[in-house]
Number of protein chains: 2
Amino acid sequence: MIKRAHVRQFLAVVDAGSFTQAAARIRVTQPALSSGIAELEKLVGTPLFIRNRRQIRLTEAGGRFLPIARDLERGFRAADDFGRERDRQATELKLGVIRSVSGEFLQAVVTALRPSFAMELIENSESQLRASLGSGRINMALLPLRPGERGDEVVPLYEEPLAMFIAADHPLAGRIEVGPEELAAETMIARRSCEFLDATSRFFTRHGVRPRFALRSESDERCLRMVAAGIGITTAPVSLAIEGIVPLKVAGYDFRRELGLIVDPAWAALPDVDPRLAHARDTVTAIAADWRRTRVDAAG
Amino acid sequence: MIKRAHVRQFLAVVDAGSFTQAAARIRVTQPALSSGIAELEKLVGTPLFIRNRRQIRLTEAGGRFLPIARDLERGFRAADDFGRERDRQATELKLGVIRSVSGEFLQAVVTALRPSFAMELIENSESQLRASLGSGRINMALLPLRPGERGDEVVPLYEEPLAMFIAADHPLAGRIEVGPEELAAETMIARRSCEFLDATSRFFTRHGVRPRFALRSESDERCLRMVAAGIGITTAPVSLAIEGIVPLKVAGYDFRRELGLIVDPAWAALPDVDPRLAHARDTVTAIAADWRRTRVDAAG
DNA sequence: GCTTAATCATAGATTTTGCTTATGCTAAAT
DNA sequence: ATTTAGCATAAGCAAAATCTATGATTAAGC
């Protein structure tokens, strides 16, 4: 008979993308989790994960099992919260966000947190947000992690490459890869919120390309719609893709960013973590995992 | 942290209406269940049951917790069935019913079983159904239990008194209790499917009342609508009540019937019960428990 | 091409959980 | 008053889950 522990372990692996990290997340050792998953796979009579080196992926059956498991965990969350309903909505959650996080992703996160928290969003630069975290002015923040950044208060969400986006009807659409010099004639669009704006600029200068700009905007959505409209091309994390634009690989241009959730260090350090904030963290993690599967892994 | 075992135990008590019977149902001893419930009540921080002698009732909090628990159990059922989906809908369930079971109740039962089984209903008399059970022609049957009837294959669902129903605008409506002789002038309606038809007839004869009949019908629904229409009065189990009629207590008339589910004895005897039929049994039990709470306990 | 590092699986020891039997307690029925 | 029915409590025990330690496999680095 399937138990709650099985469900938790399954979801932890889905959300962490690795047995080792998942084990740490739910505070058990990796062997315990291995055997738990093995047991669950025996119970449902089919493998749920494909264990490749470096990446754990769901099998087809695992994909079908996922919504059932999510549903159960949601139900248990409701049951666990039962009786604590008096402080419902009392807790305010201050969430920091950088501008270049996908609006769609952020919408999903806020929608999921809304019933349990009085949400306040703080939009700011990465460095400002990190400072705010240190001073306790915000509870958690969605921002790009520094390469290899890890720790108790760091929850890696997903890593994705930056791509050069061009209109779907652009002459270069369909090419596997182009050299930077082939883009010399292109008009660019600058997403001013991009963390890699300077680096990208330097990359092209280094290859002798000095691009013209058709638009500089703080709004990712506007920039990408203008790409779809064909007035120029721009770089962006692949998960920001919208209808009508396609990614194009540029030789030598391989920036990646890892989005993560960083929680108030003072809070993360506590041995007995506040269950409500843990709930918030887990919710974000779960949504990010689904997002990664449908948007990032799919885009490559 | 609340676990599946807690949920199962909670629902078993709700459905059985007693710790002892609930324990038997889920195959644990009564102390094990007591401590499980105590643990759950500690986890949610409030009592869920009122332990009166002779009856276990849900507290207000318990009532709010019930849908959460039902939801979880449904979810687990889906998870357990995962991977066994090939024999989905293959199993045919032959359910016997007597005519005097509430149509609304039966509708709820069939609706709940429909997704998992190819249902076949066999409507027949109690004695015929018992014979069919013995010969394995039906899998289970909804019928009135004989007084005190118990056993492995017997699942008591709810007990309810028979009442004399009169139109809501009848002169006697509002009276607490009347003597049988006060009904001498009344026109009666005979629900021919009623197991207590003969006994009722004898009851009135014994008190010197020889009633006139305005209708004899196999259809409970028609009989009760005719009571509401005012052409006569009739006796029926209280859960059959509809809009426009009210129950009236008649001195000395206190028949009760206990509705139960009896399963194929050959099947119930097996040590390792077929999970799909166990599922069917549990579904019926759960619906009956809710029915009892809203219809029978409410009506007194 | 060999070594190192990372990650999941397996084995055996240990702790924890949940169950059982036995018994006590309380309210209702006789 | 005594018996009966039903839930709570206690102590002992068995099974399940976890932990530590180790092995196997693969990717990456020198």
Requested in this report: Return the value, rounded to whole Å, for the distance between atom CD of A:Glu41 and atom P of C:dC8.
Outcome: 13 Å

Query raised in the report: Roughly how far, to the nearest 0.5 Å, is the CG atom of A:Asp282 from the CZ atom of A:Arg77?
Result: 5.0 Å

Query raised in the report: Taking it one step at a time, do B:Leu58 and B:Phe49 satisfy side chain to side chain contact (heavy atoms under 4.5 Å, CB included)?
Result: CA-CA 5 Å; B:Leu58 283 168; B:Phe49 294 106; 3.5 Å; yes

Query raised in the report: Ignoring hydrogens and geometry, is there a side-chain-to-backbone donor-acceptor pair from B:Arg25 to B:Ala12 under 3.5 Å?
Result: no

Requested in this report: Identify whether the distance between the nearest side-chain nitrogen and carboxylate oxygen of A:Arg51 and A:Glu41 falls below 4.0 Å.
Outcome: yes

Report task. Can you figure out which of C:dC8, D:dC7, D:dA21 approaches the side chain of A:Ser34 most closely? Result -> C:dC8

Query raised in the report: Quick one: B:Arg57 CZ to D:dG6 C1', roughly how many Å, whole number?
Result: 18 Å

Query - Exam field: side chain B:Arg4 to backbone A:Ile2, donor-acceptor pair closer than 3.5 Å - result: yes

Query raised in the report: Does OP1 or OP2 of C:dT7 have a side-chain N or O of A:Arg51 closer than 4.0 Å?
Result: no

Query raised in the report: When the aromatic ring centroids of B:Phe10 and B:His6 are compared, is their separation below 6.0 Å?
Result: no

Report task. Starting from P on D:dC7, measure out to CD on B:Gln55 and report it in whole angstrom. Result -> 11 Å

Report task. Summarise protein proximity over nucleotides 25-30 of chain C in one line of letters, 5' to 3': B for base, S for sugar-phosphate only, - for none, counting protein heavy atoms closer than 4.0 Å. Result -> -BSS--

Query raised in the report: A:Phe196 and A:Tyr253: aromatic ring centres closer than 6.0 Å?
Result: no

Query raised in the report: Nearest-Å distance, CD1 (B:Ile56) to C1' (D:dC7)?
Result: 7 Å

Report task. Give the B/S/- string for nucleotides 13-18 of chain D, one per nucleotide from 5' to 3', where a protein heavy atom under 4.0 Å of the base yields B, of only the sugar-phosphate yields S, and otherwise -. Result -> ---SSS

Query raised in the report: Can you tell me how far OG of B:Ser18 sits from CD of B:Gln30, rounded to the nearest 0.5 angstrom?
Result: 9.0 Å

Query raised in the report: Does a side-chain N-to-carboxylate-O contact under 4.0 Å join B:Arg70 and B:Asp15?
Result: yes

Query raised in the report: Between B:Ile50 (CD1) and D:dC7 (C1'), how many Å, whole number?
Result: 15 Å

**Report entry** Rounded distance (nearest 0.5 Å) linking atom CD1 of B:Ile26 with atom CZ of B:Arg8
**Finding:** 5.5 Å

Query raised in the report: Over how many whole Å does the gap from B:Leu48 atom CG to D:dA8 atom P extend?
Result: 12 Å

Query - Check against salt bridge (Lys or Arg N to Asp or Glu O under 4.0 Å), B:Arg257 and B:Glu126 - result: CA-CA 13 Å; B:Arg257 81 160 179 187; B:Glu126 179 192 337; over 6 Å; no

Query raised in the report: Between atom CE in A:Met1 and atom P in C:dT17, what is the gap in whole Å?
Result: 20 Å

Query raised in the report: Got a sec? Which of residues 15-22 of chain B come in under 4.0 Å of DNA chain D, heavy atoms?
Result: B:Ser18, B:Phe19, B:Thr20

Query raised in the report: What's the CG-P distance between B:Asn52 and D:dA5, to the nearest Å?
Result: 19 Å

